[in-house]
Protein chains: 2
Amino acid sequence: MTKIKDVALAAGVSTATVSRVIANKPHVREEIRQRVLAVVDQLGYRPNLVARNLREQKSKIIGLIVSDIQNPFFRYISRSVEDVAHKNGFSVILCNNDEDPLKEKMYLQLMQDQNIAGIILSPTRQAVSKFETILKLNIPMVVIDRRIHNVEVDNICIDNVSSSFKVTQHLVEKGYQRIGGIFGKDSITGQERYEGYLNALKDSGMKSHSELVKFVAPREETGYQATLKLLQLANKPDALFTSNSLLAAGALRAIQEKKLAIPEQIALTTFDDTSWARLVTPPLTVIDQPAYEIGQTATELLMQRIDDPSRSTREITLNGKLIIRQSSTFHS
Amino acid sequence: MTKIKDVALAAGVSTATVSRVIANKPHVREEIRQRVLAVVDQLGYRPNLVARNLREQKSKIIGLIVSDIQNPFFRYISRSVEDVAHKNGFSVILCNNDEDPLKEKMYLQLMQDQNIAGIILSPTRQAVSKFETILKLNIPMVVIDRRIHNVEVDNICIDNVSSSFKVTQHLVEKGYQRIGGIFGKDSITGQERYEGYLNALKDSGMKSHSELVKFVAPREETGYQATLKLLQLANKPDALFTSNSLLAAGALRAIQEKKLAIPEQIALTTFDDTSWARLVTPPLTVIDQPAYEIGQTATELLMQRIDDPSRSTREITLNGKLIIRQSSTFHS
DNA sequence: ATGAAAGCGCTAACAC
DNA sequence: GTGTTAGCGCTTTCAT
């Protein structure tokens with residue numbers, strides 16, 4: 001690989017001058033600049049980013065740590081993070097938590113060890129509760145999707161409690177009586193969505209039935225299993241609310257298998273407006289999370305924090321949007 | 001950040017000894033080893049990976065370059081690549097091509113500049129046709145999803161032509177007469193799938209109608225638009241074959257909007273068995289690509305190539321599986 | 001078995 | 001405006 005020394009030699013200048021030209025620094029005679037540029041071109045010289053990183057003590061890479069790239073929500077996030085990052089000359093390392101605090105810790109360490117410029121993190125529940133540890137890493141960071149309280153960190157989420165409240169209230173208004181819920185366990189998100197669900201029931205004077213609520217790992221298969229169990233109850237739910245799209249896919253499969261009519265025999269609503277939510281029969285009522293925007297805003301925030309680490313932190317809350325379709329509109 | 005020198009000082013040994021202990025090298029007295037380990041622990045020392053990378057001229061990061069992370073197929077790939085990579089102590093940088101040769105080139109450069117250990121690449125069409133240029137980068141590499149001919153490189157794909165043949169033939173057998181197709185443009189994959197489609201028609205003595213074939217960017221929206229156009233023809237197709245799941249989602253939306261009955265008025269089949277393909281009404285007949293396996297095998301291949309760059313290259317072809325559901329089974 | 005020192009490729013402080 | 005050189009943190013050769 002050709003290095004800066006080779007260029008210097010061939011151009012008859014010092015490495016310092018080459019470095020200045022590369023970095024577009026002033027104080028170089030135009031004539032020399034041209035000469036160096038020509039040699040760079042001719043030799044196909046490319047700066048070694050590792051050496052530069054070591055020397056400058058910082059890289060142009062940011063890390064994105066999410067809990068599951070298979071989840072469409074995080075897919076949109078990752079796409080927007082990449083877009084904004086590249087626009088700013090940064091690359092992105094993407095990693096999965098699997099909601100596992102050990103994996104999370106490992107990745108955070110890795111990024112620190114790699115001199116990563118900054119991190120966009122969707123933290124595990126454990127991380128949320130003792131976030132000071134993570135903050136000690138002292139890396140520019142933006143936390144997404146999970147609310148961190150009483151800690152100085154940029155934080156951008158959607159309002160899970162009120163979004164969840166909205167969709168549950170909608171089911172109540174439509175006259176559903178026994179509203180079941182399947183929530184992600186191990187994640188704050190699932191907890192908050194459960195909270196909104198409970199609030200809505202309480203608010204409308206309805207009793208909550210603990211046998212209608214399941215906490216499971218947020219995957220298609222577990223959603224399927226949990227729904228089957230709910231449908232086996234003597235006193236079945238007449239509506240179901242799942243806290244993400246993977247769970248919804250599983251729930252839908254179970255309901256179809258049991259040949260129950262949606263929304264006549266059971267309503268189905270979920271978080272996440274995936275591409276298929278409006279394609280199934282009937283189309284699903286959903287909470288649309290502005291995933292692309294979350295990633296976009298988070299990355300812009302991170303760029304600013306990298307530029308100025310002492311800048312005051314901010315908390316941004318985006319609102320989920322209730323999109324009513326036919327899967328919840330039988331009664332009334 | 002504490003560095004190797006600090007540890008050496010605190011343990012009363014040289015940096016060389018600390019380095020040996022860290023790397024688990026022999027020729028260190030057990031007593032000293034213990035002492036150093038204790039200090040490492042106490043000081044919370046972590047090796048600086050950037051410095052190590054610079055010194056050793058190689059990192060423990062691999063790059064994964066795909067054409068679109070939004071495409072569920074690549075999502076599975078990325079998941080399996082990560083899994084296998086981490087099992088081997090590697091991290092993964094993920095990047096999107098968008099089928100754009102310039103972006104692709106940029107990322108390949110970036111990875112070279114970062115001393116990346118190896119790359120898993122789903123190349124653009126342009127890259128396929130002059131792959132020698134990429135090979136010149138001289139980075140351990142495995143090419144997935146696109147077949148590279150006459151070039152010494154590890155290559156793992158599915159058989160697009162025969163998979164496409166299978167599903168088209170299936171439509172013919174079911175008695176469909178005017179079979180339309182929507183294929184990704186700009187990608188070899190789309191070309192090959194078109195080829196299989198043509199072969200199947202020819203094979204069964206059917207005429208192909210060029211007005212029934214569209215080449216578009218592989219996205220939901222374009223699939224939707226293309227389908228609308230096909231449905232506006234005086235002589236509409238009675239079956240439709242899309243070359244990936246995003247196109248299928250768009251096609252399905254268009255068909256639903258036009259209130260055409262599947263499979264009675266039009267059949268719909270596609271590549272990629274996404275989670276929702278069996279959830280829509282009616283469930284879709286698909287070609288299931290073993291995405292997870294492709295990523296897994298590719299990563300294992302890459303690990304081996306990194307270990308031994310002179311090892312002979314291999315080409316692996318996995319077979320797509322035709323899964324027949326109700327979206328194509330009206331006739332007969 | 002251990003240490004001193006060179007050097008990976010780069011940038012920047014300092015000298016001229 | 002340009003060159004010399006130190007040093008980022010690490011591994012490894014070569015002495016001892």
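A, B, ... follow the sequence lines: proteins, then strands. Residue 1 opens every chain.
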Under the criterion side chain to side chain contact (heavy atoms under 4.5 Å, CB included), I'd like the reasoning laid out for A:Leu64 against A:Ile119: C-alpha separation, chi angles, the key distance, then a yes or no. CA-CA 6 Å; A:Leu64 170 60; A:Ile119 296 178; over 6 Å; no
At the 4.0 Å heavy-atom cut-off to chain A, mark where contacts on DNA chain C begin and end, going 5' to 3'. C:dG9 to C:dA13
When rounded to whole Å, the CG to P distance for the pair A:Asn53 and D:dG9 reads 11 Å
Roughly, in whole Å, what's the span from CZ in A:Arg33 to P in D:dG1? 10 Å
State plainly whether the residues A:Arg52 and B:Asp113 are in salt-bridge range, i.e. N to O under 4.0 Å. no
Tell me whether the count of non-hydrogen atoms from other residues, nucleotides or ligands lying under 6.0 Å of CD in A:Glu56 goes above 12. yes
Once base and sugar-phosphate atoms are separated, protein heavy atoms under 4.0 Å mark nucleotides 10-16 of chain D, 5' to 3', with B, S and - as BBBB---
Base, sugar-phosphate, or nothing: which does B:Val50 touch, judged by heavy atoms less than 4.0 Å apart? nothing
Would the number of heavy atoms belonging to other residues, nucleotides or ligands and lying under 6.0 Å from NZ of B:Lys103 be above 12? yes
Minimum heavy-atom separation for B:Val39 to B:Ala11, with atom names? CG2-CB, 3.8 Å
Is a donor from one side chain sitting under 3.5 angstrom from an acceptor on the other, for B:Glu82 and A:Asn96? yes
Under 3.5 Å, is there a donor-acceptor pair linking the side chains of A:Arg147 and A:Thr317? yes
Is A:Gln57 near enough to D:dG7 that one of its side-chain N or O atoms lies under 4.0 angstrom from OP1 or OP2? no
Separation of D:dG9 P from A:Gln114 CD (nearest whole Å): 15 Å
Ionic contact status for B:Asp68 with A:Arg79, cut-off 4.0 Å: yes
